[in-house]
Amino acid sequence: MRERRWWDSTAAALLMIALLMATGRLMATEWVEHLNVVYTLVILGTAAGLALGQSTYHPAMVLLLGATYGVFMVPWQLGQTIAHLSDDALWGDRMVVLAGRLIHTLVRFVQQEPVHDPALFLFAMAGLGWTLSVHAAYALTRRASPWRVILPPGLAVLLIQTSDPYRARGIWYLAGYFLFALLLVARVTFLRLRRDWEADQARIPPLVGLDLSYAMAGIAVVLILL
């Protein structure tokens with residue numbers, strides 16, 4: 001028997017906004033150029049995670065597919081950041097240049113020498129954005145586990161905040177992430193409760209989900225302001 005999936009368009013939208021808020025906090029650091037590629041990877045990773053969560057694939061196959069897609073998506077996005085190549089340059093040439101930069105910066109990093117090329121850091125952030133977004137979306141639709149969904153990106157955005165605490169606009173991205181993350185927790189909790197109520201054939205008031213969302217939004221705003 002096929003395991004039940006947890007598709008909900010409202011929860012998916014909340015997740016997407018929360019992940020984009022977390023990515024915005026990274027962008028606000030302005031640590032290196034081309035951090036905007038992480039935005040694209042988060043959007044694509046969320047879509048891939050939602051699709052993999054809805055699929056019938058075994059978790060091991062999902063892990064393999066997610067990693068395989070990432071192997072193509074991350075270099076594809078990073079290859080577009082190579083400025084000195086023309087727009088019609090072959091992708092093979094772009095990959096050779098990108099691989100050379102990554103190897104060079106990795107060697108210097110291992111040897112504890114100054115690293116001026118941001119390629120390695122950008123690669124790490126792109127890979128992290130893809131991984132976290134795929135995992136969060138998969139956990140949402142396959143498991144409906146709100147804490148598995150929000151904790152890994154939440155820890156990442158808190159680490160960014162502690163490393164770059166003096167950005168005035170950065171704190172708003174952090175607040176936005178926690179707002180939509182808490183709303184997502186409320187939505188997923190309601191979905192799980194509704195499943196139990198339906199199993200018990202209990203009468204469900206038509207606006208209970210909306211009332212819960214309003215209440216959770218108010219609580220989230222108060223907590224964030226405090």
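Values in this document were obtained by computation on a predicted structure and should not be read as measured data. Positions are given from 1, in the same order as the sequence printed here.
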Would a 4.5 Å heavy-atom cut-off, applied to side chains only, mark [X] and [Y] as touching?
X: V115; Y: L120; result: no
X: Q80; Y: V37; result: no
X: I160; Y: T29; result: yes
X: L102; Y: L98; result: yes
X: W76; Y: L44; result: yes

Is [Y] reachable from [X] through a run of hydrophobic residues whose side-chain heavy atoms are each under 4.5 Å from the next?
X: L106; Y: V71; value: no
X: L155; Y: F180; value: no
X: F121; Y: I103; value: no

Distance-only criterion, 3.5 Å: show the donor-acceptor pairs between side-chain atoms of residues 61-70 and protein atoms not counting sequence neighbours.
unit_1 : atom_1 : unit_2 : atom_2 : d
T68    : OG1    : L64    : O      : 2.7

Where do [X] and [Y] come nearest, in terms of heavy atoms and distance?
X: P75; Y: M95; value: O-CE, 3.3 Å
X: A144; Y: V188; value: O-CG1, 3.3 Å
X: L50; Y: A12; value: CD1-CB, 4.1 Å
X: V149; Y: A136; value: CG2-O, 3.6 Å
X: G129; Y: V42; value: O-CG2, 3.9 Å

The criterion is side-chain contact (heavy atoms from CB on, under 4.5 Å); which residues satisfy it with [X], sequence neighbours excluded?
X: S163; answer: W31, L159
X: V96; answer: none
X: L151; answer: W147

- Message: Can you list everything that forms a side-chain hydrogen bond (donor to acceptor under 3.5 Å, both in side chains) with N36? Sequence neighbours excluded, please.
- Response: none
Nearest 0.5 Å, please: how far is [atom2] in [Y] from [atom1] in [X]?
X: L191; Y: D8; atom1: CG; atom2: CG; value: 4.5 Å
X: T189; Y: L184; atom1: OG1; atom2: CG; value: 9.0 Å
X: L183; Y: L15; atom1: CG; atom2: CG; value: 12.5 Å
X: F123; Y: L78; atom1: CZ; atom2: CG; value: 7.0 Å

- Message: Please check: side-chain N/O of R148 versus main-chain N/O of A139, any donor-acceptor pairing under 3.5 Å?
- Response: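 Pair absent, no side-chain N/O of R148 close to backbone of A139.
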Please report, to 0.1 Å, the donor-acceptor pairs under 3.5 Å made by any side chain of residues 17-26, with sequence neighbours excluded.
unit_1 : atom_1 : unit_2 : atom_2 : d
T23    : OG1    : L19    : O      : 2.8
R25    : NE     : Q161   : OE1    : 2.7
R25    : NE     : G170   : O      : 3.4
R25    : NH1    : D164   : OD2    : 3.4
R25    : NH2    : Q161   : OE1    : 3.0
R25    : NH2    : D164   : O      : 2.4
R25    : NH2    : D164   : OD2    : 3.4

- Message: Please list all pairs meeting salt bridge (Lys or Arg N to Asp or Glu O under 4.0 Å) that have one or both residues in residues 51-80, counting only residues at least two apart or in different chains.
- Response: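 Sorted result for residues 51-80: empty, none.
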Could you give all pairs that pass the side chain to side chain donor-acceptor pair (under 3.5 Å) test and reach [range], with sequence neighbours left out?
range: residues 125-141; value: Y138-R142
range: residues 174-184; value: none
range: residues 217-226; value: none

- Before giving the answer on side chain to side chain contact (heavy atoms under 4.5 Å, CB included), spell out for M27 and V38 the whole-Å C-alpha distance, their side-chain angles and the decisive distance to 0.1 Å. CA-CA 9 Å; M27 287 280 296; V38 183; over 6 Å; no
- Across all chains, not counting sequence neighbours, the salt bridge (Lys or Arg N to Asp or Glu O under 4.0 Å) partners of E33 are none
- Item | Partners passing salt bridge (Lys or Arg N to Asp or Glu O under 4.0 Å) against R108 (at least two apart in sequence or in another chain) |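 Residues passing salt bridge (Lys or Arg N to Asp or Glu O under 4.0 Å) with R108: E113.
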- Could you walk me through whether I150 and F178 pass side chain to side chain contact (heavy atoms under 4.5 Å, CB included), step by step? CA-CA 9 Å; I150 70 168; F178 282 114; over 6 Å; no
